[in-house]
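Any value given below was found using the heavy atoms of this structure, including those in side chains, with hydrogens, waters and symmetry copies removed.
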Amino acid sequence: MSSPALDRTARWETQRGFDELGRPLRDLTFTVVDLETTGGSAAGGSMITEIGAVKVRGGEVLGEFQTLVNPHSEIPPFIAVLTGITNSMVADSPSIDSALPAFLEFAAGSVLVAHNAPFDVGFLQHFARLQDRPWPRFEVLDTAKIARRVVTRDETPNCKLSSLARLFGSATTPNHRALADARATVDVLHGLLERLGSLGVHTLEELQTFSAKVSSAQRRKRHLAETLPHSPGVYLFRDDSARVLYIGTSRDLRTRVRTYFTASETRSRMGEMVALATSVTGIECATPLEAEVRELRLIAEHKPRYNRRSRFPEKVHFLKLTREPWPRLSLVRKVLDDEADYVGPFSSRRVAEKCLEALHDVFPVRQCSGRLPAAPSRSACVLAEMQRCLAPCDGSVDSPTYAVLVDQLRETLVRRPDPVVARITERMQALADDERFEEAAAHRDRLAAFVRSAARTQRLSALTRCPEVVAGRREDDGRWAVHVVRHGRLAAAGVIPPGTDAHQFVDELRASAETVQGGPGPVPVATAEETERILRWLEKPGVRLIDVQGEWASPLGGAGRHLALHDAVTHSRLSLVPFDEQRLPSPVHQPAR
């Protein structure tokens with residue numbers, strides 16, 4: 001009988017290592033397939049009359065597959081003339097119901113290749129659906145598509161199979177019979193792969209992303225990726241002065257960085273960045289989450305010119321409910337240890353101001369700046385005349401009454417936003433009924449800004465209040481990843497090695513984790529973006545909480561209850577705007593992935 005310690009280890013132990021994502025073309029098995037049919041559309045009733053396929057690996061033919069198929073319908077005369085396949089030839093042949101399973105068994109575990117692959121693969125998938133047969137997760141290469149990227153018009157007038165077969169000296173002449181055309185396609189495939197190899201394309205992933213638009217100078221820098229490991233981490237492109245140009249993250253550093261030199265980069269700024277780069281530094285990380293967090297911290301530290309996002313996490317705003325005799329709402333840039341209540345952070349002052357306007361619409365607290373004495377004696381402002389302020393400045397309201405309003409405001413900010421939601425929704429409805437749609441839209445935007453910011457604050461605060469959260473998850477690569485989070489900041493990350501006692505590993509990881517002191521406010525020791533990345537990981541299916549110090553909980557009646565409606569409205573508005581005019585900011589709320 002196994003011991004309890006061994007049982008615990010077995011439950012946590014990794015089953016396999018991290019897979020290398022780059023698969024050399026020379027090691028892959030390809031099934032090159034060609035079909036003959038009665039017409040051009042399977043959905044339109046055309047049938048398969050012949051399947052031919054050749055299985056190859058490393059330039060060697062492993063096997064061939066060929067069968068005529070009885071279409072159980074008349075073969076059109078012009079098709080019979082083109083292919084040489086007649087009704088009498090297929091009369092005793094198997095139907096597609098038996099031919100398709102035989103082909104799928106022959107091709108199992110390989111990469112499918114076809115010339116104009118959407119046609120051939122589309123027919124096969126169509127009949128698989130009709131047979132209620134699950135379609136294997138084949139990866140597919142199209143020799144016609146690849147040829148258009150590497151063959152010039154000076155070499156051949158077009159990328160037809162017959163033209164390419166002549167160009168690459170195929171031993172088989174295509175003749176509109178499935179097996180002969182598949183054999184010719186094998187020779188075309190080998191000719192294309194030989195050319196791609198001279199361009200630095202050696203893996204299936206590089207082939208799938210290859211484009212001839214990448215300059216030769218860009219390809220010559222491919223060696224910059226060769227020293228990087230096949231592991232998760234962060235990569236930093238540097239120029240000849242060692243300045244950081246760009247920072248990114250990947251589950252496989254070498255494979256990802258290679259794509260900058262072999263793949264089509266549609267972002268012109270990235271092409272410009274690669275032209276300036278002279279070195280790439282890789283930082284290995286234990287888990288993808290650690291890589292994401294390190295990326296954010298490094299971008300904030302170096303502020304690379306080619307990173308558009310996350311460069312200035314310090315440029316944020318908070319909405320503060322002050323602690324003073326006559327409290328007010330104020331926009332501030334920092335969170336202080338002053339026992340005040342804060343909402344945020346906001347990455348945009350404009351969004352923060354919309355949130356502030358939503359609260360002022362409902363709660364008539366004073367909007368004047370500066371502190372008021374306990375017994376103020378000023379004159380009232382215009383807001384008081386408009387009944388949008390209780391006017392403590394001229395003694396129109398006593399301190400206990402004003403304190404009740406402030407307590408309601410604090411409850412709305414921290415726990416329950418229903419008063420704001422109900423009041424602004426009522427105003428929106430009234431304005432819409434009067435066909436004052438622009439004003440209603442302004443209130444809608446204010447309400448959305450408030451709901452999202454309040455939900456974000458409540459969600460972040462729930463985690464940052466916890467001195468420590470330790471969680472583990474079996475990741476997609478089969479390994480158990482463990483993260484230690486302290487006050488919303490990633491303090492340690494690790495992967496349990498095979499054969500290691502899980503509990504001992506977790507204890508050692510906690511002991512070596514970064515010391516993090518708590519602070520005031522919703523995001524005291526990490527950027528909001530870092531804490532949100534951590535939250536998305538913690539909310540993934542399969543995460544196991546190993547230990548929680550403190551109370552990780554959000555208010556039951558919190559702002560998160562209203563997010564779905566406002567996110568749906570935003571996405572609906574985007575869908576009604578032409579694609580080149582979608583300039584609305586995306587919702588701050590990000591669902592767990």
Side-chain angles (χ1 to χ4, degrees), residues 317-324 326-332 340-344 346 348-369 372 380-393 396-434 436-458 461 522 555-567 569-570 587-589:
H317 297 81
F318 293 87
L319 194 58
K320 175 180 179 179
L321 178 58
T322 61
R323 291 275 185 174
E324 52 183 312
W326 305 95
R328 61 190 177 91
L329 290 168
S330 175
L331 283 179
V332 296
D341 296 289
Y342 292 85
V343 174
F346 299 89
S348 163
R349 182 180 178 89
R350 179 176 59 86
V351 176
E353 288 173 342
K354 285 185 177 181
C355 180
L356 180 62
E357 290 167 356
L359 292 168
H360 280 153
D361 280 346
V362 178
F363 297 99
V365 293
R366 70 184 183 97
Q367 299 182 37
C368 52
S369 59
L372 287 178
C381 64
V382 66
L383 291 175
E385 296 176 6
M386 298 169 61
Q387 296 185 342
R388 295 188 57 188
C389 176
L390 294 184
C393 51
S396 296
V397 62
D398 58 34
S399 181
T401 303
Y402 193 84
V404 170
L405 178 68
V406 170
D407 287 342
Q408 293 173 347
L409 173 56
R410 182 175 293 109
E411 176 74 11
T412 298
L413 291 177
V414 177
R415 281 177 287 276
R416 195 173 186 88
D418 292 4
V420 173
V421 174
R423 184 75 63 84
I424 296 183
T425 300
E426 182 181 337
R427 289 185 182 177
M428 286 167 48
Q429 185 62 56
L431 290 168
D433 291 343
D434 291 341
R436 296 160 62 183
F437 298 114
E438 289 188 5
E439 293 179 63
H443 283 285
R444 175 201 61 204
D445 292 344
R446 292 174 188 173
L447 179 58
F450 165 70
V451 168
R452 292 195 184 107
S453 60
R456 189 187 197 198
T457 301
Q458 291 167 2
S461 298
L556 184 63
R561 294 185 301 121
H562 303 280
L563 279 175
L565 173 61
H566 292 282
D567 286 353
V569 169
T570 297
V588 173
H589 171 65

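Among L409, D341, T322, the single residue meeting the side-chain contact (heavy atoms from CB on, under 4.5 Å) criterion with L329 is L409.
In this structure a side-chain-to-backbone donor-acceptor pair under 3.5 Å is missing from S330 to K320. Between the R366 side chain and the W326 main chain, a donor and an acceptor come within less than 3.5 Å of each other.
Considering only heavy atoms from C-beta on, P327 stays 4.5 Å or farther from V365 through its side chain. Considering only heavy atoms from C-beta on, L359 stays 4.5 Å or farther from V343 through its side chain. Counting heavy atoms from C-beta outward, V406 and F363 have side chains that stay 4.5 Å or more apart. Side-chain contact between R423 and D361 is absent, with no heavy atoms from C-beta onward closer than 4.5 Å.
In terms of heavy atoms, A340 sits closest to L321 at CB-O, 3.3 Å. Listed here is the closest heavy atom pair of A352 and H317: CB-CB, 4.4 Å.
Annotation: the span from E353 atom CD to H360 atom NE2 amounts to 11.5 Å, rounded to 0.5 Å.
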